[in-house]
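For the numbers below, each heavy atom of this structure counts, side chains included, while hydrogens, waters and symmetry mates do not. We count residues from 1, following the sequence as given.
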Amino acid sequence: MRKLNFYFLFLVLAFLTSCRTDDIIVRQEVVEGLPSENTAIKGFYMLNEGNMGSNKCTLDFFDYTKGTYYRNIYAEINPNVVKELGDVGNDVKIYGSKLYIVVNVSNKIEVLDAKTAKRITSIPLQNCRYLTFKEGKAYASSYAGPVAVNPKAPKGKVVEIDTTSLSIQREVVVGYQPEELEIIGNKLFVANSGGYKAPDYDNTVSVIDLNSFTEIKKVEVAINLHHIKKDNYGDLYVNSRGDYYNVPSNLYLIDAATGAIKKNFHLSVSEMTIVNDKLYFYGNEFNYTTHSYKKSFGIIDVKTEQIIANRIFDKEYETAIKTPYGIAVNPITEDIYITDARNYVSLGFVYCFDKNGHFKWKTEGGNIPAHFAFLYK
């Protein structure tokens with residue numbers, strides 16, 4: 001009997017793996033009955049990072065019109081793609097008719113049809129990090145070196161990608177281990193971290209002229225920069241992760257025209273988003289000395305440059321959400337979304353709160369749910 005069961009199991013596994021070049025297709029899961037709504041936004045994509053080295057980067061979609069959350073949609077939609085999305089999803093953006101997914105450790109940007117999630121192509125880019133767009137071009141930051149802490153790690157770069165041909169057109173060297181990017185006017189700003197060179201972090205924002213595609217200056221801000229967001233008033237909000245020991249994380253306001261630091265908020269900010277003149281943020285600061293995390297939440301009015309709230313949802317959820325990891329705000333309804341990576345190994349959660357911070361729903365996501373992209377109808 002045991003021998004029969006063994007052969008049966010072997011045949012089942014052989015059938016499953018034969019469809020995908022020795023890889024089992026992980027079927028999508030559907031969660032129905034969540035609140036639905038009818039606006040200009042059809043839904044949002046959720047990119048789950050996946051723990052490094054696990055090849056667990058996955059893609060989910062929440063359909064507002066149906067109130068349905070589709071978990072892990074990529075594999076079934078693209079059954080002939082080997083290895084699915086890859087290792088560590090670091091950013092996701094929609095531009096025009098295409099969905100762009102930065103897969104950091106797999107050294108590529110996956111390009112999908114935004115409405116169907118069908119794969120169009122893959123753009124190779126070593127240790128790629130974040131994307132931004134302007135006038136038919138995509139701009140991507142790259143560490144330009146392998147994933148490794150190394151005091152001799154090379155400077156990073158920003159590449160320009162034509163969104164029609166989906167080929168890299170130009171590139172420019174910037175600071176060490178560049179992260180998020182923003183464009184104001186004809187200048188591109190990229191936050192340099194120097195994370196591979198710790199404790200000798202970079203502390204600059206590189207400024208790139210888009211006409212010549214050259215770095216025209218560096219602005220000194222603080223060590224280990226990460227996210228950078230522009231407002232509607234010519235300013236940039238940049239966060240520093242500090243050194244995880246004695247230098248705390250922080251948030252700075254920079255005048256994009258002059259490079260001057262206008263304000264130090266003295267806030268721990270891990271992730272942020274600006275919607276309708278409000279900057280929503282959370283902090284989840286880790287300290288190696290105490291081996292503990294410190295959570296914080298809040299809202300800044302970017303027009304007045306003042307903190308207007310020290311929480312963004314009902315207080316009870318500040319404890320319930322173990323490891324805040326991603327944040328987004330629906331630009332129409334102003335519903336607030338927070339993800340919980342939990343222990344980074346188990347499946348995480350996606351939480352939804354209304355604009356007043358009251359709980360609406362939650363659902364399980366993938367491994368380390370992190371990055372949102374809203375899809376308009």
Residues Glu271, Tyr280; criterion side-chain hydrogen bond (donor to acceptor under 3.5 Å, both in side chains); working and verdict: CA-CA 9 Å; Glu271 183 72 83; Tyr280 300 77; over 6 Å; no
From CA spacing to verdict: salt bridge (Lys or Arg N to Asp or Glu O under 4.0 Å), Lys295, Glu318: CA-CA 8 Å; Lys295 288 187 287 188; Glu318 293 182 9; over 6 Å; no
So, [X] side chain and [Y] main chain: donor-acceptor pair closer than 3.5 Å or not?
| X | Y | answer |
| --- | --- | --- |
| Ser249 | Ser268 | no |
| Asn239 | Leu251 | no |
| Asp87 | Gly53 | yes |
| Thr323 | Arg342 | yes |
| Ser240 | Leu225 | no |
| Asn107 | Asn127 | yes |
| Asn78 | Tyr74 | yes |
| Gln177 | Tyr196 | yes |
| Asp340 | Gly348 | no |
| Asn72 | Ala75 | no |

Any chain of hydrophobic side-chain contacts (each under 4.5 Å) joining [X] to [Y]?
| X | Y | answer |
| --- | --- | --- |
| Val269 | Ile300 | yes |
| Val103 | Val92 | yes |
| Tyr282 | Phe353 | yes |
| Phe286 | Ile321 | yes |

Within 45° cone of Tyr176 ring axis and under 6.0 Å: Lys197 NZ or CZ: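 Geometry flag: set, cation within 6.0 Å and 45°.
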Row check, Tyr237 ring normal vs Lys229 NZ/CZ: under 6.0 Å, within 45°: no
Check against ring-ring contact (aromatic ring centres under 6.0 Å, His included), Tyr100 and Tyr95: CA-CA 8 Å; Tyr100 296 80; Tyr95 184 76; 7.2 Å; no
Taking everything shown except [X] itself, do over 12 heavy atoms lie less than 6.0 Å from its [atom1]?
| X | atom1 | answer |
| --- | --- | --- |
| Lys262 | NZ | yes |
| Lys303 | NZ | no |
| Lys66 | NZ | no |

Chi angles and distances behind the side-chain hydrogen bond (donor to acceptor under 3.5 Å, both in side chains) call for Asn264, Asn250: CA-CA 8 Å; Asn264 179 343; Asn250 221 327; 3.2 Å; yes
side-chain hydrogen bond (donor to acceptor under 3.5 Å, both in side chains) evaluation trace for Tyr64 with Asn330: CA-CA 11 Å; Tyr64 283 128; Asn330 183 308; 3.1 Å; yes
Quick check: do [X] and [Y] have side-chain heavy atoms less than 4.5 Å from each other?
| X | Y | answer |
| --- | --- | --- |
| Ile299 | Leu279 | no |
| Ile101 | Leu112 | yes |
| Thr339 | Phe349 | no |

Under-4.0 Å salt bridge between [X] and [Y]:
| X | Y | answer |
| --- | --- | --- |
| Asp162 | Lys137 | yes |
| Asp335 | Lys360 | yes |
| Lys217 | Glu215 | no |

Reference residue Ile368; test side chain to side chain contact (heavy atoms under 4.5 Å, CB included); the match among Lys56, Met52, Glu49: Glu49
Option from Leu47, Val111, Ile94 for which side chain to side chain contact (heavy atoms under 4.5 Å, CB included) with Leu99 holds: Ile94
Would you tell me whether [X] and [Y] have side-chain atoms, one donor and one acceptor, within less than 3.5 Å of each other?
| X | Y | result |
| --- | --- | --- |
| Asn203 | Lys218 | no |
| Asn48 | Asp60 | yes |
| Asn224 | Tyr244 | yes |
| Asp209 | Thr214 | no |

Validation row, ring centre Phe44 to ring centre Tyr337 under 6.0 Å: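 Between Phe44 and Tyr337, the centre distance is under 6.0 Å.
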Tyr376 ring center within less than 6.0 Å of Phe374 ring center: no
Evaluation steps, ring-ring contact (aromatic ring centres under 6.0 Å, His included), between His371 and Tyr45: CA-CA 8 Å; His371 308 286; Tyr45 287 101; over 10 Å; no
ring-ring contact (aromatic ring centres under 6.0 Å, His included) evaluation trace for Tyr139 with Tyr130: CA-CA 8 Å; Tyr139 299 92; Tyr130 291 94; over 10 Å; no
Evaluation steps, salt bridge (Lys or Arg N to Asp or Glu O under 4.0 Å), between Glu84 and Arg119: CA-CA 10 Å; Glu84 297 182 26; Arg119 184 176 184 270; over 6 Å; no
Check against side-chain hydrogen bond (donor to acceptor under 3.5 Å, both in side chains), Asn276 and Glu334: CA-CA 9 Å; Asn276 300 336; Glu334 295 190 357; 2.8 Å; yes
Worked verdict on Lys230 versus Asp235 for salt bridge (Lys or Arg N to Asp or Glu O under 4.0 Å): CA-CA 6 Å; Lys230 66 181 179 181; Asp235 292 328; over 6 Å; no
Interatomic spacing from NZ in Lys157 to OG in Ser206 - rounded to 0.5 Å: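 Reported to 0.5 Å precision, the distance equals 14.5 Å.
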Worked check of ring-ring contact (aromatic ring centres under 6.0 Å, His included) between Trp361 and Phe62: CA-CA 12 Å; Trp361 56 265; Phe62 178 60; 4.8 Å; yes
